[in-house]
J.: 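The following block contains the structure, expressed as structure tokens.
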Amino acid sequence: MFNLERFDIKLNTESIGRNFVYTQEIDSTNSFLLDKSNKFSVDGTVLLAEKQNKGKGRNDRVWYSTKDQNLTFSILLINKKYLGKKLNIINFAASLAVAISIENNYQIKTELKWPNDVLVNGKKIAGILLESISKGNKVERLVIGIGINVNQTLFQGNFKIAPTSIKFELKEQIERERLLAEFLNNFEEILNKLNSEPEEILKDWKSRCRLIGEKISISEGTNIKYGIFDDLDNEGYLLLKNKSTIEKIHFGEVSIV
Ligand code: BTN
């Protein structure tokens, strides 16, 4: 059982998570917050569920998470200051905040994998899924869905990258309330740099990405491209270098070759 009081004491944010909704079971926290008919319209609302029946991962995959063990939650952003052209950077802000929170709280070294996986010892500890609704060419509603493997130690299924959890790495039970509050505190702090210093967010993200400079493959469906992971551009797209050409990559699964 998630202890709301313990969480609340540690939350230091101005807006993110101040409207906090906790539920035992839901299809997907992302789908629920994205759907306007559910009438959530406070910027920064966080919806945490103990169990998702249709948890969504990237690329139409399923996000598996055992009830009561982990953190599966979504954050709603509707304030215009966040919804300009910088959605990619929000993605990086979220994965960076997860990495920093895990490192600071548990002294576990994390690594970031483009576009937004958080890894520990080469295994996936957290994933992020951004979804949005637009009117014309304007984003109206943005939902950042985050799954962090906290206390689950048995993982069943086929995974592209093997999963791990904080408990699996540390061999001790983790207080989810403290981790969630820390994450939201860090996320809001990083998000505040979105308009003033987005390059700082990218710089910090890149400093935790081991693959920059390495030979990689990027697959999107059956299409595979090879090259050197040269850099990220200032919008967060991956720059793939091949001989003298540089291609900007928008989506795909990166692997080292
Ligand atoms: C990934 O594939 O790496 C992204 C996983 C995102 C999972 C989270 S759990 C909370 C939120 N609700 C969902 O349905 N998905 C995201």
Side-chain angles (χ1 to χ4, degrees), residues 2 7 16-17 20-35 38 40 44-77 87-88 90-99 101-102 110-120 122-133 141-152 155-166 174 176 179-180 183-184 187 205 208-209 211 218-221 236 238 250-255:
F2 189 86
F7 163 72
I16 306 288
F20 187 78
V21 186
Y22 172 67
T23 184
Q24 287 298 320
E25 202 165 324
I26 205 162
D27 277 351
S28 152
T29 54
N30 261 32
S31 305
F32 195 87
L33 277 190
L34 205 57
D35 184 348
N38 289 323
F40 279 105
T45 295
V46 170
L47 170 60
L48 171 72
E50 293 292 10
K51 181 172 189 282
Q52 296 186 112
N53 296 319
K54 291 186 188 153
K56 297 187 281 185
R58 282 177 49 234
N59 303 326
D60 294 326
R61 286 198 281 262
V62 176
W63 184 259
Y64 296 103
S65 174
T66 307
K67 188 173 184 341
D68 300 331
Q69 303 284 297
N70 299 317
L71 288 170
T72 49
F73 61 101
S74 300
I75 305 165
L76 174 68
L77 294 184
L87 297 197
N88 261 351
I90 297 182
N91 228 332
F92 292 114
S95 48
L96 183 60
V98 172
S101 307
I102 293 177
T110 59
E111 188 195 314
L112 294 171
K113 181 165 177 281
W114 188 87
N116 53 15
D117 290 333
V118 185
L119 310 183
V120 169
K123 290 170 285 178
K124 182 154 161 169
I125 206 155
I128 287 149
L129 176 68
L130 248 71
E131 293 187 280
S132 59
I133 292 186
R141 232 175 146 77
L142 175 70
V143 172
I144 304 148
I146 301 175
I148 309 178
N149 296 332
V150 184
N151 285 316
Q152 183 173 343
F155 296 91
Q156 278 172 340
N158 281 327
F159 299 95
K160 259 211 121 103
I161 310 173
T164 189
S165 67
I166 305 177
I174 302 303
R176 292 182 302 156
L179 176 61
L180 181 58
F183 165 78
L184 297 174
F187 181 58
W205 192 95
R208 290 180 158 79
C209 174
L211 291 187
I218 299 186
S219 56
E220 204 200 331
L238 188 153
H250 292 232
F251 310 101
E253 292 285 339
V254 173
S255 310

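In listed order, ligands and their atoms are each counted from 1.
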J.: If you measure from each heavy atom of Gln52 to ligand 1, is any distance below 4.0 Å?
T.: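 A heavy atom of Gln52 does come that close to ligand 1.
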J.: Classify the angle between the aromatic ring planes of Phe183 and Phe187 as parallel (below 30°), tilted (30 to 60°) or perpendicular (above 60°).
T.: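 Rings of Phe183 and Phe187: parallel, as their planes differ by under 30°.
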J.: Which of the numbered atoms in ligand 1 are below 4.0 angstrom from a heavy atom of Asp117?
T.: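 In order of numbering, the contacting atoms are 3 (O).
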J.: Hey, is the main chain of Val150 close enough, under 3.5 Å, to the side chain of Asn70 for a donor-acceptor pair?
T.: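 Between the backbone of Val150 and the side chain of Asn70 there is a qualifying donor-acceptor contact (under 3.5 Å).
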J.: If we only count N/O pairs under 3.5 Å, is Thr29 in contact with ligand 1?
T.: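 Yes, since at least one N or O of Thr29 sits under 3.5 Å from an N or O of ligand 1.
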J.: List the steps and the verdict of side chain to side chain contact (heavy atoms under 4.5 Å, CB included) for Phe155 and Ser165.
T.: CA-CA 10 Å; Phe155 296 91; Ser165 67; 4.1 Å; yes
J.: Within a 6.0 Å radius of atom CD on Glu25, are there more than 12 heavy atoms belonging to other residues, nucleotides or ligands?
T.: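 Yes, because the 6.0 Å sphere around CD of Glu25 holds more than 12 heavy atoms from other groups.
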J.: Verify salt bridge (Lys or Arg N to Asp or Glu O under 4.0 Å) between Arg61 and Glu253, making sure each step is shown before the conclusion.
T.: CA-CA 13 Å; Arg61 286 198 281 262; Glu253 292 285 339; 2.7 Å; yes
J.: Measure from atom 3 (O) of ligand 1 to every heavy atom in Lys54, Lys124, Arg61 and give the option owning the shortest one.
T.: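 That would be Lys124.
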J.: Go through Thr29 and Ile146 one step at a time and tell me if the side chain to side chain contact (heavy atoms under 4.5 Å, CB included) criterion holds.
T.: CA-CA 9 Å; Thr29 54; Ile146 301 175; over 6 Å; no
J.: Roughly how far, to the nearest 0.5 Å, is the OG atom of Ser95 from the NZ atom of Lys113?
T.: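 One finds 12.0 Å between NZ of Lys113 and OG of Ser95.
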J.: Can the ring centres of Phe20 and Phe7 be said to be less than 6.0 Å apart?
T.: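 Yes, close enough.
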J.: Is the contact between Ile146 and ligand 1 made by the side chain, the backbone, both, or neither, using heavy atoms and a 4.0 Å cut-off?
T.: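 Looking at Ile146 and ligand 1, just backbone atoms fall under 4.0 Å.
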J.: Heavy atom under 4.0 Å from ligand 1: found in Ile128's side chain, backbone, both, or neither?
T.: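 Backbone only.
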J.: Heavy atoms only, cut-off 4.0 Å: how does Ser31 contact ligand 1, side chain, backbone, both, or neither?
T.: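 Near ligand 1, Ser31 shows nothing, with every heavy atom at 4.0 Å or more.
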J.: Counting heavy atoms only, which of Lys160, Arg58, Lys56 comes nearest to atom 15 (N) of ligand 1?
T.: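 Answer by nearest heavy atom: Lys56.
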J.: Answer yes or no: does an N/O atom from Thr72 fall short of 3.5 Å to an N/O atom of ligand 1?
T.: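 No, Thr72 has no N/O under 3.5 Å of an N/O on ligand 1.
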J.: Among protein heavy atoms, which lies nearest atom 5 (C) of ligand 1, and at what distance?
T.: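 Protein heavy atom with the smallest distance to atom 5 (C) of ligand 1: Trp63 CE3, 3.3 Å.
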J.: Which atoms of ligand 1 have any heavy atom of Gly55 under 4.0 Å away?
T.: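 Selected atoms, number and element: 14 (O).
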